[in-house]
S.K.: 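First the structure, then my questions, so here it is.
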Amino acid sequence: MKRLLTLGLLAVLLTACSLGSTPTPTSEPTTPPIQVPQGGTLTIRTAQDIATLHPWKPTTHAEAQMLGLLYRGLTKLDQDLAPQPDVASSWQSDSIGQTLTMTLRSDIRWHDDTPLTAADAAWTISAMQSISPTTPLLVDLQGLVSAVTAPDTTTLVITLREPYAPLLSALSMPILPKHLFGQLSPVELDQLNLLTQPIGSGPFMFEERTAGSAISLIRNNQYVDGVPYLDRVAFVVAPDAEVARDAVRDGDLLAAELPWEQSQGLGSAVNAGNYPENGFYYLAFNMREGRIFSDMRVRQALALSLDLNTIVETAGPSAQAILSDHLPGTWVAPTGELPSRNLDKARELLDQAGWVLPEGATIRASNGITLSMALYVRGDDQRRIEVAERIAAAASPIGFNLVVTPADFESVIRSKLVTPFDFDLALMSWGNSRVGGAPSYTAYDPDNFSLFHSSQIYQGVADGRPGLRNYGAFRNPSFDSLSTAARAIYDTERRRELYQQTNAIIQSEYPYVFLWADRMPVALAKNVRSTQGEIRLNTANWLYNVQHWYLEQ
């Protein structure tokens, strides 16, 4: 039965590859000093049918990838997810960082051969400000951009209410053609499905959608940054992961993201890699005055009682131990070894903090209070429960009594994260998504101001701000200063230096104990090559520079 299903998928692939006639480039592609085979179709798995395509809210990674092939942004994210020039060739800010002036290229054209100008970019940003702010990207554009103008065809001026460096990543969103959509009302724009009028400016153009089967994109013969060598890219619908695995192994499907269980044993004709999903698991402390973990030494002691490699093993083979919310593969990821378990140092820290072990006891105490607390964890996730139990067992030898407490997130755990913040310790997860839903790297930026800056702590009954995320009440003046500076500086290298310093603070003071991130496996046929060298499969942006890919004969 599985082979029959695979053959059915192969028929879909062949159909996707035969849509329309093979295009002939009208101009010579940019080629390296080697002979590169032309033509062929790169088939990519999508786990679900793509019926709609919205520029500001892709709901799956396949949709985000498709947008990146069809459209260009003012900026683009490189393989380390750092913003780089795209339609905007350069930019500069004023002395206070509230006005960003971008110089746009003059040689980019829409797929219908209309020139792409600063007016398109200005209209796109203004249009995003007019629709319902249902995603963090829209919230940023509407809350921070006070004006956007196009003084001429190659100049864009963005005025901000305050300096905001993450804007550079946000501006990787697709620029839309004003001449096609400029007359839409906000409601019509909010409902816009780009598959109905897919005129973009990227290296590939929309060709055809077969509902429930595939969407094919044909190469853009006028792409000024190097006409693609591939004839087509086809996103093939393959919901069954085992069928998709078999198709990759047999060469019927050339690229796929697969669940971890189906990513093993793909054979010698397939290159395999993986990248951490943009979310992570961690221990969250309540550091408010009067709580046990308000003392940094107690947080450090608990962290030192853990062997993170063992914890990660409990979380399963897809889990990767992490040092920070800046995950491996991103441009600000910290380097270095995981901290080693050190029970002697942990006991020393607890002694210094006044938590002593009474004679004959196994649980430490201070002023008549035992070092006992509930470790809250979601009750609907057996993996988290097992990890929490492993943590409790690891902390027991130094005198902690962690009582693993499975609970419903909505009715119990969520209520602990708001006033009166009645918790000490919780095993939590965070999906760092810019678009809502599943964790996504769309418009990724390393800004973690909302997680750890002291201004994001609930201030009392008069504080009406919703969704404050520093619910553990972490306070560190140095972090505050560095974090504020990092989100106000548009120089990427300077920001990297500042985040190295904030990471050092987080790793020493433990507002969280970072545990793991789950990895997404990527499979790519070995006959898919690039003129730019080895294709990186350890990044969410593994389709980067796909216009340079070709199929080896």
Side-chain angles (χ1 to χ4, degrees), residues 281-306 325 345-358 361-378 384 387-389 391-392 394-396 398-407 409 411-430 448 450-463 465 467-480 505-515:
Y281 296 80
Y282 61 99
L283 285 178
F285 298 111
N286 187 348
M287 293 162 280
R288 288 172 171 79
E289 185 177 355
R291 308 298 301 208
I292 290 173
F293 289 113
S294 62
D295 190 323
M296 182 176 65
R297 294 168 296 186
V298 183
R299 304 195 299 270
Q300 291 172 328
L302 178 57
L304 287 171
S305 75
L306 306 179
D325 60 303
K345 179 63 175 177
R347 294 185 181 104
E348 179 184 336
L349 287 167
L350 291 176
D351 288 339
Q352 292 173 4
W355 291 95
V356 298
L357 194 61
T362 58
I363 303 172
R364 289 178 179 259
S366 176
N367 297 320
I369 301 173
T370 61
L371 195 54
S372 301
M373 68 208 66
L375 168 51
Y376 288 100
V377 60
R378 289 185 67 134
R384 297 195 206 196
V387 169
E389 290 171 345
I391 290 170
S396 178
I398 64 170
F400 274 96
N401 178 33
L402 305 183
V403 181
V404 176
T405 307
F409 180 79
S411 62
V412 178
I413 297 178
R414 187 184 293 275
S415 69
K416 302 293 182 181
L417 309 182
V418 296
T419 184
F421 300 97
D422 185 21
F423 79 101
D424 287 299
L425 187 63
L427 196 161
M428 302 288 291
S429 64
W430 170 248
N448 54 11
S450 64
L451 296 180
F452 302 121
H453 196 279
S454 64
S455 68
Q456 305 305 297
I457 301 172
Y458 176 72
Q459 301 299 314
V461 292
D463 191 344
R465 295 174 296 169
L468 292 173
R469 294 169 182 166
N470 189 356
Y471 52 80
F474 176 65
R475 296 178 184 272
N476 181 286
S478 294
F479 178 92
D480 285 355
I505 293 171
I506 295 300
Q507 288 173 294
S508 65
E509 297 204 5
Y510 290 104
Y512 294 168
V513 174
F514 291 96
L515 298 173

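Just so it is clear, the model here is predicted, and its values are computed rather than measured.
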S.K.: Is the centre of the Phe293 ring less than 6.0 Å from the centre of the Tyr510 ring?
M.R.: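 Not close enough - the centres of the two rings lie 6.0 Å or further apart.
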S.K.: Nearest 0.5 angstrom please: Ser508 OG to Asn476 CG, how far?
M.R.: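 It comes to 7.5 Å.
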S.K.: One pair to check against side chain to side chain contact (heavy atoms under 4.5 Å, CB included): Ile391 and Leu402. What are the steps and the verdict?
M.R.: CA-CA 8 Å; Ile391 290 170; Leu402 305 183; 4.1 Å; yes
S.K.: Determine the minimum heavy-atom distance between Leu306 and Ala394, stating which atoms define it.
M.R.: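 Residues Leu306 and Ala394, closest heavy atoms: CD2-CB, 3.8 Å.
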S.K.: Just so I know, are the side chains of Val377 and Glu389 near enough to count as touching, which here means a heavy-atom distance under 4.5 Å?
M.R.: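 Not in contact.
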S.K.: How many angstroms lie between OG in Ser454 and CD in Gln459, if you round to the nearest 0.5 Å?
M.R.: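 Result: 8.0 Å between the selected atoms.
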S.K.: Under 3.5 Å, is there a donor-acceptor pair between the side chain of Asp463 and the main chain of Tyr458?
M.R.: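 Side chain of Asp463 to backbone of Tyr458: no pair is present.
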S.K.: So that I can tick it off, tell me whether Arg364 and Asp351 are bridged by a salt bridge, with the cut-off set at under 4.0 angstrom between side-chain N and carboxylate O.
M.R.: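 Salt bridge: yes.
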S.K.: Looking at side-chain heavy atoms only, is the closest gap between Trp355 and Asp295 below 4.5 Å?
M.R.: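 Sidechains of Asp295 and Trp355: no contact.
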S.K.: Measure from the side-chain N and O atoms of Arg288 to the backbone N and O of Tyr471, and report whether any donor-acceptor pair falls under 3.5 Å.
M.R.: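 Looks like yes, one N/O pair under 3.5 Å.
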S.K.: Between Arg378 and Ser429, do the side chains contain an N or O donor and an N or O acceptor separated by less than 3.5 Å?
M.R.: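 Checked: Arg378/Ser429 side chains show no N/O donor-acceptor pair below 3.5 Å.
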S.K.: Taking all non-hydrogen atoms of both residues into account, name the closest pair between Phe423 and Leu425 and its distance.
M.R.: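 Taking Phe423 first and Leu425 second, the nearest heavy atoms are CD1-N, 3.6 Å.
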S.K.: Which pair of heavy atoms, one from Ser478 and one from Ile505, lies closest together, and at what distance?
M.R.: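 Heavy-atom minimum between the residues: CB-CD1, 3.9 Å.
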S.K.: Could you walk me through whether Ile506 and Tyr512 pass the side chain to side chain contact (heavy atoms under 4.5 Å, CB included) check?
M.R.: CA-CA 8 Å; Ile506 295 300; Tyr512 294 168; 5.9 Å; no
S.K.: Working to the nearest 0.5 angstrom, can you tell me the gap between His453 NE2 and Arg475 CZ?
M.R.: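 With rounding to 0.5 Å, NE2 (His453) is 11.0 Å from CZ (Arg475).
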S.K.: Verify, without hydrogens or angle tests, whether Glu509 (side chain) and Gln507 (backbone) share a donor-acceptor contact under 3.5 angstrom.
M.R.: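 Not at all, since once roles are kept as given, no pair shorter than 3.5 Å links the two residues.
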S.K.: What pair of heavy atoms forms the shortest contact from Ser372 to Ile292, and how long is it?
M.R.: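 Scanning both residues, the minimum pair turns out to be O-CD1, 4.2 Å.
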S.K.: Are any of the side-chain heavy atoms of Leu451 and Asp325 separated by less than 4.5 Å?
M.R.: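 In contact.
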S.K.: What distance do Leu371 atom CG and Thr362 atom OG1 have between them, rounded to the nearest 0.5 Å?
M.R.: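 Answer rounded to 0.5 Å: 11.0 Å.
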S.K.: Counting only N and O atoms by type, is there a donor-acceptor contact under 3.5 Å from the side chain of Arg469 to the main-chain atoms of Gln456?
M.R.: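 A pair under 3.5 Å: no.
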S.K.: Please name the pair of heavy atoms, one in Leu304 and one in Ala346, separated by the smallest distance, quoted to 0.1 Å.
M.R.: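 The answer is CB-CB, 4.0 Å.
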S.K.: Given Leu283 and Leu375, is the side chain to side chain contact (heavy atoms under 4.5 Å, CB included) satisfied, shown in steps?
M.R.: CA-CA 9 Å; Leu283 285 178; Leu375 168 51; 3.9 Å; yes
S.K.: Please report the shortest heavy-atom distance between Thr405 and Ala374, naming the atom on each side.
M.R.: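 Between these two residues, the closest heavy atoms are OG1-CB, 3.4 Å.
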S.K.: Within this structure, what is the CZ-CD1 distance for the pair Arg465 and Ile457, rounded to the nearest 0.5 Å?
M.R.: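 Reported to 0.5 Å precision, the distance equals 9.5 Å.
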S.K.: Parallel, tilted or perpendicular: which fits the ring planes of Phe474 and Phe479, with parallel below 30° and perpendicular above 60°?
M.R.: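 Rings of Phe474 and Phe479: perpendicular, as their planes differ by over 60°.
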S.K.: Kindly compute the distance separating CE (Met296) from CZ (Phe285), expressed to the nearest 0.5 Å.
M.R.: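 One finds 12.0 Å between CE of Met296 and CZ of Phe285.
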S.K.: Between Tyr281 and Val387, does a side chain to side chain contact (heavy atoms under 4.5 Å, CB included) hold up when you go through it step by step?
M.R.: CA-CA 10 Å; Tyr281 296 80; Val387 169; over 6 Å; no
S.K.: Considering only heavy atoms from C-beta outward, does the side chain of Tyr376 approach that of Met428 to under 4.5 Å?
M.R.: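 No - every pair of side-chain heavy atoms lies 4.5 Å or more apart.
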S.K.: Does a side-chain heavy-atom distance below 4.5 Å link Gln300 with Leu350?
M.R.: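 Side chain of Gln300 against side chain of Leu350, heavy atoms only: no contact under 4.5 Å found.
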